[in-house]
Trainee: 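Quick one: the structure is below, and I'll ask about it shortly.
Counting begins at 1 with the first residue of the sequence.
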Amino acid sequence: AISRAFRAGDTIITFNWDCLLESIFRRTGLWSPKDGYGFQVDMNPGSFTMRRGKIPALSKQPSNIQVLKPHGSINWSATPDGDDVGLEYLDLIFGMPFRQSFNPQGDEDFPEWPFIEGVILAPTYTKAYHQHPVLPATWDHAIAALSRAHEITVVGYSLPSSDLSSRELLAYALRQNNRCKKIQLV
C-alpha cells in the first residue's frame, strides 16, 4: 500500500536509521541499493562473497526513487578515512544472496576489515555532520530535492529543537523553492 503512494522520480528524505522503506520499495522494484541512497554502491559480484545463486536483476537496475538518509543508516559502513561507504546486512534486510557490498577481507590500503565504522548520527545537540563525507553529500541531495519539489509531505518528524542544524537546512531549502504548491504534515 505504501509503495503505491510513490512514483518514479520521487525522493524520500528520512531521518530514521532503519531500512523499512527501502525494503518495501526494493520488493516493488522502485528502489535499488545500487544507487537508491543518492550515492553509487559497487554491486559487483567480485567485491563480495555470494551466499547462494547470483545477484538478483533488481539490484542491477537503477532506482526509480531515492531514499535519502541525512542522519545515516544502520546498514551503512565507512572506511576509516570515511571516503567509501559500503552496505551491510543486505541478506537480512533485502533478502539478497550476499551480506555486504564490499569485500570483507579488505584490500592493500586497509588490510583489516575495510568498512569498520557505522555511519549514523546520534541524537545529540551537536551532530558531527562532517564525520563521514557521505553525510554532507546526502544533505546536499536532500536540499536540492526540497528546493525543486512541487509537493512535500512530512510524516512523523517533529523538527525537534535538539536538531537545530536539520531545522536550519530544511528552512534554507524551502526558502529556495518557488514551485512547491503543497506542504502536508502528517
Side-chain angles (χ1 to χ4, degrees), residues 1-41 59 61-78 82 84-90 93-94 101 118-186:
I2 190 170
S3 62
R4 289 191 295 262
F6 298 94
R7 57 186 180 276
D10 284 350
T11 299
I12 295 121
I13 301 167
T14 177
F15 294 95
N16 293 340
W17 302 313
D18 67 71
C19 299
L20 180 62
L21 288 174
E22 302 98 282
S23 180
I24 291 168
F25 294 134
R26 183 190 170 315
R27 277 187 256 130
T28 63
L30 287 171
W31 183 87
S32 168
K34 177 182 175 180
D35 64 349
Y37 286 120
F39 54 85
Q40 290 292 318
V41 174
S59 68
Q61 298 173 352
S63 290
N64 292 316
I65 61 172
Q66 296 286 296
V67 177
L68 304 178
K69 301 179 109 175
H71 286 173
S73 184
I74 60 167
N75 67 324
W76 295 3
S77 288
D84 293 310
V85 174
L87 303 180
E88 295 193 79
Y89 314 116
L90 295 171
I93 297 170
F94 305 122
S101 66
V119 182
I120 290 181
L121 285 180
T124 65
Y125 281 98
T126 55
K127 290 185 175 60
Y129 285 101
H130 297 287
Q131 179 179 0
H132 300 287
V134 71
L135 295 176
T138 301
W139 267 107
D140 290 345
H141 289 305
I143 289 168
L146 287 168
S147 297
R148 67 176 182 269
H150 294 279
E151 184 176 319
I152 297 170
T153 303
V154 179
V155 179
Y157 187 62
S158 62
L159 294 166
S161 60
S162 63
D163 211 349
L164 183 60
S165 297
S166 297
R167 294 166 65 113
E168 288 174 356
L169 287 169
L170 293 171
Y172 169 79
L174 293 174
R175 283 192 302 273
Q176 305 304 309
N177 187 329
N178 58 5
R179 299 186 286 187
C180 187
K181 306 285 187 235
K182 181 178 177 185
I183 296 179
Q184 251 177 220
L185 302 175
V186 180

Trainee: Hey, does Trp76 have a side-chain heavy atom less than 4.5 Å from the side chain of Val41?
Mentor: no
Trainee: Are Tyr172 and Trp139 close enough that their ring centers fall under 6.0 Å?
Mentor: no
Trainee: To the closest 0.5 Å, what do you measure between OG (Ser32) and CG (Leu30)?
Mentor: 11.5 Å
Trainee: Got a sec: does the CZ of Arg7 have more than 12 other heavy atoms crowding it under 6.0 Å?
Mentor: no
Trainee: Closest approach of Ile65 and Gly9, non-hydrogen atoms and distance?
Mentor: CG2-N, 4.4 Å
Trainee: With sequence neighbours excluded, what pairs up with Ser73 under the side-chain hydrogen bond (donor to acceptor under 3.5 Å, both in side chains) test?
Mentor: Lys69, Asn75
Trainee: Looking only at non-hydrogen atoms, find the nearest pair between Ile120 and Ile74 and report the distance.
Mentor: CD1-CA, 3.9 Å
Trainee: Looking at Ser147 and Gln176, what are the two nearest heavy atoms and their distance?
Mentor: OG-CB, 3.7 Å
Trainee: Under a 4.5 Å cut-off applied to non-hydrogen side-chain atoms, are Leu87 and Tyr37 in contact?
Mentor: yes
Trainee: Report yes or no: does Trp31 contribute a side-chain atom to a donor-acceptor pair with the main-chain N or O of Gly36 at less than 3.5 Å?
Mentor: yes
Trainee: Just how far is it from atom CZ of Phe15 to atom CG of Leu121, taken to the nearest 0.5 Å?
Mentor: 10.5 Å
Trainee: Rounded at 0.5 Å granularity, tell me how far CD in Gln66 sits from CD1 in Ile12.
Mentor: 9.0 Å
Trainee: Do Phe39 and Val134 come within less than 4.5 Å of each other through their side chains, counting heavy atoms only?
Mentor: yes
Trainee: Are side-chain heavy atoms of Cys180 and Leu174 found at a separation under 4.5 Å?
Mentor: no
Trainee: If I compare all heavy atoms of Leu146 with all of Ala173, which pair ends up nearest, and what's the gap?
Mentor: CB-CB, 3.7 Å
Trainee: For Asp163, enumerate each residue passing the side chain to side chain contact (heavy atoms under 4.5 Å, CB included) test, keeping only those at least two apart in sequence or located in another chain.
Mentor: His71, Lys127, Tyr129, Tyr157, Pro160, Ser166
Trainee: Can a donor-acceptor pair be found, under 3.5 Å and without considering hydrogens, that links the side chain of Asp35 to the backbone of Ser63?
Mentor: yes
Trainee: Ignoring hydrogens and geometry, is there a side-chain-to-backbone donor-acceptor pair from His132 to Val119 under 3.5 Å?
Mentor: no
Trainee: Does any N or O in the side chain of Ser23 come within less than 3.5 Å of the main-chain N or O of Cys19, such that one atom is a donor and the other an acceptor?
Mentor: no
Trainee: Measuring from Lys181:NZ to Ile152:CD1, what's the distance to the nearest 0.5 Å?
Mentor: 12.0 Å
Trainee: Measure the OG1-NZ distance between Thr153 and Lys182 for me, rounded to the nearest 0.5 Å.
Mentor: 6.5 Å
Trainee: Output the distance between atom CG (Leu20) and atom OG1 (Thr14), rounded to the nearest 0.5 Å.
Mentor: 9.5 Å
Trainee: Listed by chain and number, what are the side-chain hydrogen bond (donor to acceptor under 3.5 Å, both in side chains) partners of Asn177, not counting sequence neighbours?
Mentor: none
